[in-house]
Asks: 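Starting off with a structure, shown below.
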Amino acid sequence: KHAMKLVHITRVAEQGGSIICYIQHSEGSMKIKNSVSRIISLEKKEKLDKILTYTKFSNKMIQNKKMIYKFFNRLNNKKLNISVFGASKSSTTLLHFYNLGKFIKYIYDDNFTKVSKFSPGYKIKILHTSSLYKDMPNYLLILAWMEPKKIMKKTKLYLNRGGKFILIYPNLKIIKK
């Protein structure tokens with residue numbers, strides 16, 4: 001339709017692993033590099049060219065979503081405080097996908113440019129991480145799914161004082177002392 005062709009692909013570590021695709025007009029002079037056939041072969045090996053792969057993933061995520069929502073609802077019914085660590089764009093996406101915003105009291109973040117602002121959609125107040133130790137919510141949901149160990153190490157005092165971490169991706173996990 002647009003008379004373009006893929007000529008090169010590179011893999012990068014950002015966002016848990018991404019690819020950068022280079023394209024040119026069909027009449028362009030660049031030759032197609034081996035990286036294109038390597039990535040296409042890898043995608044076929046992993047069945048990323050099959051709709052069933054995505055259907056299974058979607059079904060798993062929907063089941064996970066229901067289970068996590070029920071878990072948060074039970075905590076809420078027990079009047080337990082739940083907050084979030086990390087005011088990233090992926091945190092907002094996950095809060096909305098799992099429909100958890102109504103259960104969250106605060107979002108804690110180290111980035112001073114985000115402090116005293118509110119999350120998109122749910123409008124949850126963002127506080128500096130130092131407030132975490134004063135507030136001591138019963139549970140702290142870590143939505144930065146690629147860096148939970150780093151966050152737990154940085155906020156070890158919260159855990160030592162009796163707080164509990166919640167991880168929801170890829171599966172629900174509670175971490176306590």
Side-chain angles (χ1 to χ4, degrees), residues 9-21 46 48 53-177:
I9 303 172
T10 58
R11 296 177 79 176
V12 293
E14 285 81 11
Q15 297 296 314
S18 301
I19 60 172
I20 299 172
C21 297
E46 297 297 324
L48 297 179
T53 303
Y54 300 99
T55 303
K56 285 180 180 179
F57 177 74
S58 176
N59 290 340
K60 182 179 176 185
M61 290 303 294
I62 290 167
Q63 285 177 319
N64 194 17
K65 178 180 180 176
K66 288 177 184 175
M67 178 191 57
I68 288 167
Y69 186 87
K70 285 179 186 176
F71 173 76
F72 275 77
N73 200 41
R74 281 195 307 271
L75 295 179
N76 187 60
N77 289 341
K78 293 178 183 177
K79 307 289 187 231
L80 296 170
N81 290 326
I82 309 164
S83 289
V84 167
F85 186 92
S88 67
K89 61 183 175 274
S90 60
S91 294
T92 300
T93 301
L94 290 170
L95 279 176
H96 283 272
F97 174 77
Y98 288 102
N99 196 26
L100 299 177
K102 68 181 180 181
F103 303 121
I104 305 303
K105 186 170 184 179
Y106 297 118
I107 298 175
Y108 299 96
D109 201 283
D110 292 329
N111 187 335
F112 283 103
T113 63
K114 296 179 182 183
V115 171
S116 296
K117 296 192 172 101
F118 295 85
S119 69
Y122 289 116
K123 300 191 181 344
I124 303 165
K125 188 167 186 172
I126 301 169
L127 304 175
H128 190 266
T129 305
S130 59
S131 298
L132 172 64
Y133 308 108
K134 178 180 63 110
D135 300 339
M136 284 302 296
N138 301 102
Y139 289 88
L140 188 63
L141 172 60
I142 299 175
L143 291 175
W145 59 275
M146 294 184 298
E147 299 186 14
K149 288 180 182 174
K150 179 180 169 186
I151 292 167
M152 288 186 282
K153 184 177 181 182
K154 184 168 38 172
T155 57
K156 191 174 183 177
L157 181 59
Y158 166 77
L159 190 64
N160 289 340
R161 288 184 177 176
K164 297 177 189 89
F165 294 110
I166 302 173
L167 305 177
I168 60 171
Y169 187 84
N171 297 303
L172 179 64
K173 185 176 182 181
I174 308 303
I175 297 165
K176 56 187 175 180
K177 190 171 180 181

Asks: Measuring only between side-chain heavy atoms, which start at C-beta, is Ile104 closer than 4.5 Å to Leu95?
Replies: yes
Asks: Taking the side chain as everything from C-beta on, heavy atoms only, tell me whether Asn59 gets closer than 4.5 Å to Tyr54.
Replies: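 A side-chain contact is absent here, since even the closest heavy-atom pair is not under 4.5 Å.
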Asks: Answer yes or no: is there a donor N or O on one side and an acceptor on the other, between the side chain of Lys125 and the main chain of Tyr106, under 3.5 Å?
Replies: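 The answer is no, because no donor-acceptor pair under 3.5 Å joins these two groups.
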Asks: Do Leu172 and Leu167 come close enough that some side-chain heavy atom pair is under 4.5 Å?
Replies: no
Asks: Is Ser119 reaching over with its side chain to a backbone N or O of Ile124, donor-acceptor style, under 3.5 angstrom?
Replies: yes
Asks: Hey, does the side chain of Arg161 reach the backbone of Tyr133 with a donor-acceptor pair shorter than 3.5 angstrom?
Replies: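 Yes; judged by distance alone, with no hydrogens or angles, the pair exists.
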Asks: Looking only at non-hydrogen atoms, find the nearest pair between Lys177 and Leu159 and report the distance.
Replies: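 Scanning both residues, the minimum pair turns out to be N-CD1, 3.8 Å.
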Asks: Checking ring pair (Phe, Tyr, Trp, His ring centres under 6.0 Å) against Phe103, which of Tyr139, Tyr69, Tyr98 comes through?
Replies: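 Of all the options given, the one that passes is Tyr69.
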Asks: Between the side chain of His96 and the main-chain N/O of Pro120, is any donor-acceptor distance below 3.5 Å?
Replies: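 Yes; judged by distance alone, with no hydrogens or angles, the pair exists.
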Asks: So do the side chains of Ile19 and Thr10 get within less than 4.5 Å of each other, counting heavy atoms only?
Replies: no
Asks: So, Tyr158 side chain and Leu140 main chain: donor-acceptor pair closer than 3.5 Å or not?
Replies: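 Side chain of Tyr158 to backbone of Leu140, a donor-acceptor pair under 3.5 Å: yes, one is there.
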Asks: Run the salt-bridge test on Lys105 and Asp135 with the 4.0 Å N-O cut-off and return the result as yes or no.
Replies: no
Asks: Give a yes or no on whether the backbone of Asn81 and the side-chain of Asn138 come within a donor-acceptor separation of less than 3.5 Å.
Replies: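 It does hold such a pair.
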Asks: Can you confirm whether the side chains of Asn99 and Tyr122 place a donor and an acceptor under 3.5 Å from each other?
Replies: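 Side-chain D/A pair, Asn99 to Tyr122: present.
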Asks: Do Met67 and Phe72 have side chains that approach each other closer than 4.5 Å (heavy atoms only, starting at C-beta)?
Replies: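 Heavy-atom side-chain distance check fails, nothing below 4.5 Å.
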Asks: Once rounded to the nearest 0.5 Å, what's the spacing between atom CE of Met136 and atom OG of Ser131?
Replies: 13.0 Å
Asks: In Å and rounded to the nearest 0.5 Å, what is the CD1 to CG distance from Ile82 to Leu141?
Replies: 8.0 Å
Asks: Do Ser91 side-chain atoms and Gly86 backbone N/O form a donor-acceptor pair below 3.5 Å?
Replies: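 Judged by distance alone, yes, a pair lies under 3.5 Å.
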Asks: Is the side chain of Asn64 donor-acceptor paired with the backbone N or O of Pro170 at a distance under 3.5 Å, no angle test?
Replies: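 Checked: pair present.
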Asks: When the ring centroid of His128 is compared with that of Tyr108, is the distance short of 6.0 Å?
Replies: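 They do not qualify: ring centres at least 6.0 Å apart.
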Asks: Is NZ or CZ of Lys123 both nearer than 6.0 Å to the six-membered ring centre of Phe118 and within 45° of the ring axis?
Replies: no
Asks: CD1 of Ile107 to OG of Ser83: how many Å apart, nearest 0.5 Å?
Replies: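 Here the rounded value is 8.5 Å.
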Asks: Going through the distances and angles, do Val115 and Asp109 end up as a side chain to side chain contact (heavy atoms under 4.5 Å, CB included)?
Replies: CA-CA 7 Å; Val115 171; Asp109 201 283; 5.5 Å; no
Asks: So, taking the atom named OG in Ser116 and the one named CD1 in Ile126, what distance separates them when rounded to the nearest 0.5 Å?
Replies: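 So the gap between those two atoms works out to 9.0 Å.
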Asks: Side-chain contact, heavy-atom cut-off 4.5 Å: Ile20 with Val12?
Replies: yes
Asks: Does the ring centre of Phe85 sit less than 6.0 Å away from the ring centre of Phe165?
Replies: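 Ring centroids of Phe165 and Phe85 are no less than 6.0 Å from each other.
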Asks: Where the side chain of Ser18 meets the backbone of Glu14, is there a donor-acceptor pair that is under 3.5 Å apart?
Replies: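 Present.
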Asks: Relative to Phe97, does Lys65 satisfy both conditions: NZ or CZ under 6.0 angstrom from the six-membered ring centre, and within 45 degrees of the ring's axis?
Replies: yes
Asks: Please confirm whether the backbone N or O of Met152 pairs with a side-chain atom of Lys156, one donor and one acceptor, at under 3.5 Å?
Replies: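 Checked: no pair found.
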Asks: Check Asn76, Leu100, Ile166 against Phe71 for a side-chain contact (heavy atoms from CB on, under 4.5 Å) and give me the one that passes.
Replies: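 Output: one option passes, namely Ile166.
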Asks: Enter the distance from Ile142:CD1 to Lys173:NZ here, rounded to the nearest 0.5 Å.
Replies: 10.5 Å
Asks: Does Pro137 reach the side chain of Leu132, with side-chain heavy atoms less than 4.5 Å apart?
Replies: yes
